[in-house]
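Heads up: the structure comes next, in structure tokens.
Owing to the predicted nature of the structure, the values given are computational and were not obtained by experimental measurement.
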Amino acid sequence: MISVGATNILDTYLSPEKYRGTELRFISHTTREPDGKRWSRQIVHQGNMAYADNRSGDGSEIAGAYSFQYGWHYNWQWADGRLQVKAGGAIDANIGFIYNTRNSNNPAQARLSVDIAPSAAAVYKFRWCERPLSVRYELSVPLMGVMFSPNYGQSYYEIFNRGDYDRNIVPTTLVCAPSLRQQFTLDFTLLRTTFRIGYLGDIQQAHVNNLKSHIYTHALVIGVVKRFKTIKIRP
């Protein structure tokens with residue numbers, strides 16, 4: 001899938017200003033559902049780049065990130081298999097950066113985090129005008145984890161050159177890092193190909209070491225869905 005949308009960036013280590021702009025994201029979403037099994041696995045890769053300006057237009061920030069999520073879900077089937085509900089959890093790892101074009105001292109901020117995230121999904125299949133359609137909603141909320149952060153007033157030179165550790169690996173919870181990632185999509189078939197279109201909402205925020213940060217993204221998602229069936233061949 002590819003998503004394009006609006007982003008809002010704040011990192012008080014770099015600037016007290018909020019920066020607004022556009023984000024482009026690539027998403028690879030794989031679900032593995034063994035036949036006859038209640039448990040399924042989910043693997044999600046996401047990579048994004050964003051460019052944003054401040055209110056006065058005399059400064060900008062460039063942000064990029066890669067995230068990997070590996071999850072397990074228990075599956076329920078209702079309404080003769082038309083409704084599928086999944087619930088479980090995932091390990092979510094993120095690495096990225098924010099670069100401020102105006103700063104000469106500390107112009108960049110690294111973003112590193114690992115979280116345990118409860119997640120759920122619901123898929124409803126139906127037909128309209130004799131065409132098969134599928135509506136899907138997914139939700140993931142980081143519950144606890146750890147993240148990297150400089151302390152207030154601490155430079156990267158002090159951290160990496162002088163080795164001055166100052167609580168730079170910070171435990172996170174819903175209280176100090178309330179975040180949310182959700183998707184609402186529609187799958188439809190056209191010319192023997194299944195397409196996906198929908199909405200992506202990604203709310204990432206934290207308040208640690210007396211520093212505030214957030215990246216809010218609301219985007220349009222467009223993609224292609226492929227289904228494969230693996231068959232074990234015994235000699």
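Listed here is the closest heavy atom pair of R136 and V123: NH1-CG2, 3.2 Å. P150 and L211 make their closest contact through O-CD1, 3.2 Å (heavy atoms, listed as atom of the first residue, atom of the second, distance). The shortest non-hydrogen separation linking F26 to I2 is CD1-CD1, 3.7 Å. Nearest heavy atom pair, residue E138 against residue A121, reads CG-CB, 3.9 Å. Listed here is the closest heavy atom pair of G59 and R102: CA-CD, 3.4 Å. The shortest non-hydrogen separation linking A120 to H73 is N-NE2, 4.3 Å.
Linking Ile, Leu, Val, Met, Phe, Trp and Tyr residues whenever their side-chain heavy atoms come within less than 4.5 Å leaves I43 and V225 in two separate clusters. When hydrophobic clusters are built by joining Ile, Leu, Val, Met, Phe, Trp and Tyr residues whose side-chain heavy atoms come closer than 4.5 Å, directly or via intermediates, W39 is not grouped with V44. In the hydrophobic clustering of this structure, I159 groups with L112; members are Ile, Leu, Val, Met, Phe, Trp, Tyr whose side-chain heavy atoms approach within less than 4.5 Å, directly or through other members. Hydrophobic clustering, with ILVMFWY side chains joined whenever heavy atoms are under 4.5 angstrom apart, groups I98 together with I95. When hydrophobic clusters are built by joining Ile, Leu, Val, Met, Phe, Trp and Tyr residues whose side-chain heavy atoms come closer than 4.5 Å, directly or via intermediates, M144 is not grouped with V170.
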Point to revise | Steps toward side-chain hydrogen bond (donor to acceptor under 3.5 Å, both in side chains) verdict (Q84, Y124) | key: CA-CA 6 Å; Q84 182 183 45; Y124 182 70; over 6 Å; no
Check your understanding: What's the verdict on side chain to side chain contact (heavy atoms under 4.5 Å, CB included) for S213 and R111, showing C-alpha distance, side-chain angles and the deciding distance?
Key -> CA-CA 10 Å; S213 66; R111 298 174 62 85; 4.2 Å; yes
Practice item. May I have the step-by-step check of salt bridge (charged side-chain N to carboxylate O under 4.0 Å, His left out) for R181 and D92, ending in yes or no? Key: CA-CA 11 Å; R181 184 177 292 156; D92 198 347; 3.4 Å; yes
Point to revise | Trace of the side chain to side chain contact (heavy atoms under 4.5 Å, CB included) decision for I215 with N8 | key: CA-CA 6 Å; I215 298 182; N8 182 312; over 6 Å; no
Review point. Under the side chain to side chain contact (heavy atoms under 4.5 Å, CB included) criterion, do H214 and I9 qualify, and how do the steps go?
Key: CA-CA 6 Å; H214 73 230; I9 303 171; 5.8 Å; no
Review point. Does the side chain to side chain contact (heavy atoms under 4.5 Å, CB included) test come out yes or no for Q46 and Y66, once each step is laid out?
Key: CA-CA 6 Å; Q46 298 193 51; Y66 165 75; over 6 Å; no
Point to revise | Candidate pair Q77 and N75, rule side-chain hydrogen bond (donor to acceptor under 3.5 Å, both in side chains), full reasoning | key: CA-CA 7 Å; Q77 300 276 355; N75 300 272; over 6 Å; no
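For the residue pair Q109 / N100, no side-chain donor-acceptor distance below 3.5 Å is found, with atom types taken as modelled. In this structure, a donor-acceptor pair under 3.5 Å is present between the side chains of S60 and T101. Counted by atom type alone, E23 and Y51 present zero donor-acceptor pairs between their side chains at under 3.5 Å. Using a 3.5 Å distance cut-off with no hydrogens or angles, the side chains of Y19 and D53 do not pair a donor with an acceptor. Between the side chains of N209 and R167, at least one donor N or O lies within less than 3.5 Å of an accepting N or O. When only modelled atom types and interatomic distance are considered, Y137 and Q183 share no side-chain donor-acceptor pair under 3.5 Å.
Within the 3.5 Å criterion, the main-chain N or O of D166 finds a donor-acceptor partner in the side chain of N168. Judged by distance alone, the side chain of D115 and the main-chain N or O of A117 form no donor-acceptor pair under 3.5 Å. A distance-only check finds no donor-acceptor pair linking the side chain of D11 to the backbone of S15 [under 3.5 Å]. Side chain of Y13 to backbone of Q154: a donor-acceptor contact under 3.5 angstrom is found. For T194 (side chain) and T189 (main-chain N/O), no donor-acceptor pair under 3.5 Å exists by modelled atom type.
Heavy-atom contacts from other residues, nucleotides or ligands closer than 6.0 Å to CZ of F195 number more than 12. Atom CE of M49 has more than 12 neighbouring heavy atoms from other residues, nucleotides or ligands inside a 6.0 Å radius. The local environment of CG in L83 is crowded, with over 12 non-hydrogen atoms from other residues, nucleotides or ligands closer than 6.0 Å. Residue I116 qualifies as open at atom CD1: its count of foreign heavy atoms under 6.0 Å is 12 or below. For R127, the CZ atom is densely surrounded, since the number of other residues' heavy atoms within 6.0 Å is greater than 12.
The pair K86-E33 meets the salt-bridge criterion, with a side-chain N (NZ, NE, NH1 or NH2) lying under 4.0 Å from an Asp/Glu carboxylate O. Between K125 and D187, no side-chain nitrogen of the basic residue sits less than 4.0 Å from a carboxylate oxygen of the acidic one, so the salt-bridge criterion is not met.
Aromatic ring pairs are classed by plane angle as parallel below 30°, tilted from 30° to 60° and perpendicular above 60°; the pair F148 and Y156 is tilted.
Between the NZ atom of K212 and the OG1 atom of T12 there is a distance of 8.0 Å, given to the nearest 0.5 Å. E61 contributes atom CD, which lies 12.0 Å from atom CZ of R20 (distance to the nearest 0.5 angstrom). From Y99, atom OH reaches atom CG of L14 across 10.5 Å, with rounding to the nearest 0.5 Å. Interatomic distance, CD of Q69 versus OG of S119, reported as 6.0 Å (0.5 Å rounding). The structure places CD1 of I169 at 11.0 Å from OG of S113, a figure rounded to the nearest 0.5 Å. One distance of note links CG of L133 with CG of L186; it measures 5.5 Å at 0.5 Å rounding.
Aromatic ring centres of Y70 and W72 lie closer together than 6.0 Å. Residues F126 and W128 keep their aromatic ring centres 6.0 Å or farther apart.
Using a 4.5 Å heavy-atom threshold, the side chains of L180 and L139 count as touching. Residues T7 and D202 have side chains not in contact (no heavy-atom distance under 4.5 Å, counting atoms from C-beta outward). You'll find the side chain of I203 stays beyond 4.5 Å of the side chain of S179, heavy atoms only.
For the side-chain contact (heavy atoms from CB on, under 4.5 Å) criterion with L200, the lone passing option out of L220, V4, I27 is I27.
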